[in-house]
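Take a look at the structure below.
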Amino acid sequence: MEKKKLGILLSTPPEDKNLATVASLANEALRQGVDTYLYLIDEGVRNVDRPEMERLKQNGVKLFLCAYGARRRGIPTSDKAVFCGLVVLSDLVKGCDRFVTFN
């Protein structure tokens, strides 16, 4: 039986309360055995340096980041996330059982 897949999009900056909500949601999904994908876009790319993102990644979240948004905000390419474009986001939306956004 194939595992369920949850996609999450976060577009708000680290100062927004959405970060804590996204971290809680992703951790609960992982605890229930759900494959969890997180895409950071717009101001959300600034969350990539937050410790919450590192913990989520260590726990099994597949972390993606909008390369265009990162370049515009001076965030250098690193191995903290997969730097990619909207084609990947489109594939995530299409391939997940559920997809939620935090704007």
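Scope of the values below: all heavy atoms of this structure, side chains included, with no hydrogens, waters or symmetry mates.
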* Check for a donor-acceptor pair, side chain of R71 on one end and backbone N or O of A67 on the other, with a separation under 3.5 Å. => no
* Structure fact -> Exactly one of K62, K5, K4 clears salt bridge (Lys or Arg N to Asp or Glu O under 4.0 Å) with D35, and that residue is K62
* To do: Sequence neighbours left out, what pairs pass salt bridge (Lys or Arg N to Asp or Glu O under 4.0 Å) with at least one residue falling in residues 88-103?
  => none
* Asked: Among D42, D16, N18, N103, which residue meets the side chain to side chain donor-acceptor pair (under 3.5 Å) test with S11?
  -> N103
* To do: May I ask you to say whether E43 pairs ionically with R46, meaning some side-chain N is under 4.0 Å from a carboxylate O?
  => yes
* Asked: Within a radius of less than 6.0 Å around CZ of F102, do more than 12 heavy atoms belonging to other residues, nucleotides or ligands occur?
  -> yes
* Structure fact -> Shortest non-hydrogen pair, V61 vs A26, comes out as CG2-CB, 4.0 Å
* Asked: Which heavy atom of G7 sits nearest a heavy atom of C96, and at what distance?
  -> N-SG, 3.6 Å
* Asked: Just by distance, do the side chain of N27 and the backbone of S24 share a donor-acceptor pair under 3.5 Å?
  -> no
* What distance do K57 atom NZ and E54 atom CD have between them, rounded to the nearest 0.5 Å? -> 6.0 Å
* Asked: At what distance, to the nearest 0.5 angstrom, does CG of L56 lie from CD of E52?
  -> 8.0 Å
* Give the minimum heavy-atom separation between L40 and V45, together with the two atoms involved. => O-CG1, 3.6 Å
* When rounded to the nearest 0.5 angstrom, what is the spacing between CG in L25 and CG in L10? -> 11.0 Å
* Asked: Can you name the nearest heavy-atom pair linking A29 to T36, along with the distance?
  -> CB-OG1, 3.4 Å
* Structure fact -> Here the pair of heavy atoms bringing V48 nearest to A81 is CG2-CB, 4.2 Å
* Asked: Got a sec, which hydrophobics cluster with L86, joining ILVMFWY side chains under 4.5 Å apart, including via others?
  -> L9, Y37, Y39, I41, F64, V82, V88, L89, L92, V93, F99
* Report the distance from atom CG of N47 to atom CG of L65, rounding to the nearest 0.5 Å. => 9.5 Å
* Nearest atoms (heavy-atom pairs only) where L63 meets K80 -> CD2-O, 3.4 Å
* Can you tell me how far the CZ atom of F83 sits from the SG atom of C66, to the nearest 0.5 Å? -> 10.0 Å
